[in-house]
Amino acid sequence: MENEELERQILEIVKEKHEASGGHNGNSFGDFDHILKMQRVDRNAFLERMAAEKKIKFYNSANSVMITLPK
């Protein structure tokens, strides 16, 4: 799959969770494994690039790093 299609699918998952929780809960890195199907290092680099482009945002919850939409 092309990067644009992967990004679209990831943003769809993040938006669904954002709407369902009112923006209070994020997604874990594992929520995207079935789409990305990459090694952990490559997956993280892909998501970090999306964060650098301000498409998603990382934040530290009490137990892990979560992914949400930027404000």
Side-chain angles (χ1 to χ4, degrees):
M1 259 189 249
E2 293 185 27
N3 285 349
E4 294 168 358
E5 178 63 19
L6 294 173
E7 288 179 6
R8 185 192 65 73
Q9 290 179 10
I10 289 169
L11 288 172
E12 186 177 306
I13 291 171
V14 174
K15 286 177 185 176
E16 286 176 13
K17 182 87 169 235
H18 187 82
E19 291 172 3
S21 70
H24 298 290
N25 297 319
N27 297 80
S28 68
F29 283 82
D31 292 345
F32 312 111
D33 284 342
H34 69 283
I35 295 171
L36 295 176
K37 298 179 185 167
M38 299 176 180
Q39 295 293 325
R40 184 177 300 162
V41 174
D42 296 332
R43 176 201 67 190
N44 291 353
F46 186 85
L47 294 172
E48 287 170 5
R49 184 184 54 76
M50 287 183 69
E53 294 173 357
K54 306 232 187 279
K55 295 179 180 179
I56 59 174
K57 180 183 176 191
F58 297 121
Y59 73 92
N60 293 319
S61 69
N63 298 318
S64 64
V65 176
M66 302 299 283
I67 300 166
T68 189
L69 294 175
K71 293 186 179 188

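Sequential numbering from 1 along the given sequence is applied to the chain's residues. The basis for the numbers below is simple: all heavy atoms, side chains too, and nothing from hydrogens, waters or symmetry mates. These numbers were taken from a predicted model, which means no experiment stands behind them.
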Atom CZ in Phe32, atom CD1 in Ile13: separation rounded to 0.5 Å?
-> 6.0 Å
Ile35 CD1 to Gln9 CD distance, which is reported to the nearest 0.5 Å = 5.0 Å
CA sep, side-chain torsions, deciding dist, call: Met38, Leu6, side-chain contact (heavy atoms from CB on, under 4.5 Å) = CA-CA 12 Å; Met38 299 176 180; Leu6 294 173; 4.2 Å; yes
Between CG of Asn44 and CD of Gln39, what distance do you get to the nearest 0.5 Å?
-> 11.0 Å
Residue pairs meeting salt bridge (charged side-chain N to carboxylate O under 4.0 Å, His left out), one or both in residues 55-67, sequence neighbours left out, come to Glu7-Lys55, Glu53-Lys55
List for me each residue that meets side-chain contact (heavy atoms from CB on, under 4.5 Å) alongside Ser61, sequence neighbours excluded, and say none if there are none.
-> Tyr59, Ser64, Met66
Name all pairs fulfilling the salt bridge (charged side-chain N to carboxylate O under 4.0 Å, His left out) condition that reach into residues 37-46, sequence neighbours left out, sorted by first residue then second.
-> Asp33-Arg43
Hydrophobic cluster partners of Val41 (side-chain heavy atoms under 4.5 Å) | none
Reported CD1-to-CG distance for the pair Ile67 and Leu47, which is rounded to 0.5 angstrom | 4.5 Å
Contacts of type side-chain contact (heavy atoms from CB on, under 4.5 Å), residue Ala51, not counting sequence neighbours | Ile56, Phe58
Hey, could you give me each pair passing salt bridge (charged side-chain N to carboxylate O under 4.0 Å, His left out) that has a residue in residues 11-24? Not counting sequence neighbours.
-> Arg8-Glu12
